[in-house]
There are 2 protein chains.
Amino acid sequence: MGEQKQKKREFLDILVALRQIIRATDLHSKHVMKVCGLTVPQLVVLLAIEELGAVTVRQISKHVSLSQATVTTILNRLEDRNFVKRTRNTTDKRVVNSCLTDKGRAVLVDTPPLMDGHFMLRYEKLDSAKRAEILEALQEVANLMAPEEGTPIPPTDDGELTPLL
Amino acid sequence: MGEQKQKKREFLDILVALRQIIRATDLHSKHVMKVCGLTVPQLVVLLAIEELGAVTVRQISKHVSLSQATVTTILNRLEDRNFVKRTRNTTDKRVVNSCLTDKGRAVLVDTPPLMDGHFMLRYEKLDSAKRAEILEALQEVANLMAPEEGTPIPPTDDGELTPLL
DNA sequence: ATCAAATGTTTTGACCTGTAATCATTCGCT
DNA sequence: AGCGAATGATTACAGGTCAAAACATTTGAT
């Protein structure tokens, strides 16, 4: 009977850890915003454009694991502030290609940290076995949470580049 | 020299896993919203009130690890929809006490899942050693990300109940 | 040629989240 | 008693995030 309680406790512990991680991640993003004027998601989108060149919204969305709508709103802000330039593709007028402006390129020369420096320092102090264990556990959780199994790496194979991030 | 690259790769992997986890968590919250009409944060606040009784905003905020402002906005929505009732404390008119309404109590009788059922099912299938490893890793990461070390459990000891979540 | 389905993007609407500023009260000192 | 500091809550503002709806365009089938 107490076994159910036990299970509940276990999930609660996971929930608590996850919430702390999510909160810390968000706080870091806010911090980066104050320091360098761009949030982590904005930087990630910028990096994706740098890596992929003139790229469609959908490609960015896949690459950074965000919905198309989210990427659009991030692009709006980035374009307002002149970090990227959007141009409609001439051959297919549905698609929009995004490029970095000089300002956009400039802000990336000295990439601000996407991850909390505090965390990185402490993480690096761990021995590599521990680090591997942690990484593996995180990936395991991510997989467990993935929408559907069967295709851990979905056979999108639609010419996508490595969907890093 | 390729050692730096290696480190970078490692952090990138962590970042990717974290982003997927955060995204999945958010998606689950949206899903819960569609199914039961309340998001996970709203449920968590409701549960905190159920557990703590007539409680101040600050206490809720501590209990659920969210800022006071965030709790206020969540309470706004919950009060608008008549799940909670706020009353100013008579002895100290600065403080606001929140209580569940009948409707609020009712919605909690069959607590909707705070965690993705899909995830829970798959997680339960793992052997307990693996599960322990995962939980430990998550807590390790949460600690590594905590604002300051030295006081893993900060000596708040201000009569708080267990700050679960 | 035409019209429906598919595709790519943006808009809309709802929520979560935090910091900083503001408001109201209470407390502590003199 | 009175005034400034501390405390509790809310508001204002800036983002992130998504699903669904709305648009625009292209493609495919007739």
Side-chain angles (χ1 to χ4, degrees), chain A residues 18-45 55-62 64-81 84 86-98 147 158, chain B residues 18-45 55-62 64-81 84 86-98 147 158:
Chain A
L18 285 181
R19 182 139 298 282
Q20 290 174 347
I21 291 171
I22 291 171
R23 181 186 169 83
T25 301
D26 190 56
L27 287 182
H28 171 64
S29 181
K30 297 267 166 74
H31 175 71
V32 170
M33 167 59 123
K34 283 213 310 192
V35 171
C36 90
L38 291 167
T39 64
V40 169
Q42 289 173 345
L43 282 172
V44 168
V45 167
V55 69
T56 70
V57 175
R58 166 145 245 96
Q59 281 175 310
I60 297 175
S61 145
K62 285 257 183 86
V64 305
S65 291
L66 292 173
S67 79
Q68 214 157 322
T70 300
V71 172
T72 290
T73 69
I74 292 175
L75 283 176
N76 285 343
R77 279 184 264 276
L78 289 176
E79 189 170 35
D80 286 349
R81 298 172 55 196
V84 308
R86 280 190 277 199
T87 48
R88 293 213 96 90
N89 188 316
T90 46
T91 75
D92 183 340
K93 287 205 281 286
R94 287 171 307 181
V95 336
V96 167
N97 291 101
S98 303
D158 48 357
Chain B
L18 285 181
R19 181 137 299 283
Q20 291 174 344
I21 291 171
I22 291 172
R23 181 187 169 82
T25 301
D26 190 55
L27 287 182
H28 171 63
S29 181
K30 297 270 165 73
H31 175 70
V32 170
M33 168 59 123
K34 282 213 307 191
V35 170
C36 89
L38 291 167
T39 63
V40 169
Q42 290 172 346
L43 283 172
V44 167
V45 167
V55 68
T56 70
V57 175
R58 165 145 246 97
Q59 281 174 309
I60 298 174
S61 144
K62 286 257 182 84
V64 304
S65 291
L66 290 173
S67 80
Q68 214 157 319
T70 301
V71 173
T72 290
T73 69
I74 292 174
L75 283 176
N76 285 343
R77 277 183 267 276
L78 289 176
E79 189 170 35
D80 286 349
R81 297 172 58 196
V84 308
R86 281 189 277 199
T87 48
R88 292 214 96 92
N89 187 316
T90 46
T91 76
D92 183 340
K93 289 205 279 287
R94 286 171 306 182
V95 337
V96 167
N97 291 102
S98 303
D158 48 359

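We name chains A, B, ... by the order of the sequence lines, and we start the count at 1 in each one. Excluded from the calculations below are hydrogen atoms, water molecules and symmetry mates; all remaining heavy atoms, backbone and side chain alike, are included.
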Which whole-number value in Å describes the distance from A:Ile60 CD1 to D:dG16 P? 14 Å
Tell me what A:Thr91 touches on the nucleic acid: a base, only sugar-phosphate, or nothing, going by heavy atoms under 4.0 Å. sugar-phosphate
With a 4.0 Å cutoff (strictly under), does any side-chain N or O of A:Arg77 reach OP1 or OP2 of D:dG16? yes
So, A:Ser61 side chain and A:Leu66 main chain: donor-acceptor pair closer than 3.5 Å or not? yes
Tell me: NZ of A:Lys93 to P of D:dT26, nearest whole Å? 5 Å
Do any side-chain nitrogens or oxygens of B:Thr70 fall under 4.0 Å of OP1 or OP2 in C:dT17? no
Protein-nucleotide distance (B:Leu66, atom CG; C:dC15, atom P), rounded to Å: 16 Å
dist B:Lys62:NZ -> B:Arg58:CZ (nearest 0.5 Å) comes out at 5.5 Å
Under 4.0 Å between a side-chain N or O of A:Lys34 and OP1 or OP2 of D:dA14? no
Is there a side-chain polar atom (N or O) of A:Arg86 under 4.0 Å from OP1 or OP2 of C:dT10? yes
Mind calculating the distance between CZ (B:Arg88) and P (D:dG8) to the nearest angstrom? 13 Å
With respect to the phosphate group of C:dC16, does any side-chain polar atom (N or O) of B:Thr39 fall under 4.0 Å of OP1 or OP2? yes
Round to the nearest Å and state the distance from A:Arg58 atom CZ to D:dA24 atom P. 20 Å
It should be established whether B:Gln68 places a side-chain nitrogen or oxygen under 4.0 Å from OP1 or OP2 of nucleotide C:dT17. no
Taking side-chain contact (heavy atoms from CB on, under 4.5 Å) as the criterion, tell me which of B:Ile22, B:Leu27, B:Ile21 meets it with B:Thr25. B:Ile21
Here's a test of your reading of the structure: between A:Leu27 and A:Leu75, which maps to the more 5' nucleotide of DNA chain C? A:Leu75
Most 5' of B:Asp92 and A:Lys30 on DNA chain D, judged by nearest nucleotide: B:Asp92
Minimal non-hydrogen separation, A:Thr72 against A:Arg86, with atom names: O-NH1, 4.0 Å
Is B:Ser29 touching bases, backbone alone, or none of the nucleic acid, heavy atoms closer than 4.0 Å? nothing
What is the distance, to the nearest angstrom, from the NE2 atom on B:His31 to the C1' atom on C:dC15? 17 Å
Spell out yes or no: do the side chain of A:Arg94 and the base of C:dT9 have one donor N/O and one acceptor N/O closer than 3.5 Å? no
Note: for B:Pro41 and B:Thr90 on DNA chain C, the residue whose nearest nucleotide lies more 5' is B:Pro41
Is the shortest side-chain N/O distance from A:Arg19 to OP1 or OP2 of C:dT17 below 4.0 Å? yes
Figure out the CD/P separation between B:Gln59 and D:dT7, and round it to whole Å. 15 Å
Using atom CE of A:Met33 as one end and atom C1' of D:dG16 as the other, report the distance to the nearest whole Å. 10 Å
Nearest of C:dT9, D:dA20, C:dC15 to any side-chain atom of A:Thr72? C:dT9
Reported CG-to-CD distance for the pair A:Leu78 and A:Gln42, which is rounded to 0.5 angstrom: 5.0 Å
In terms of heavy-atom contacts, A:Arg19 and B:Val64 come closest through CD-O, 4.1 Å
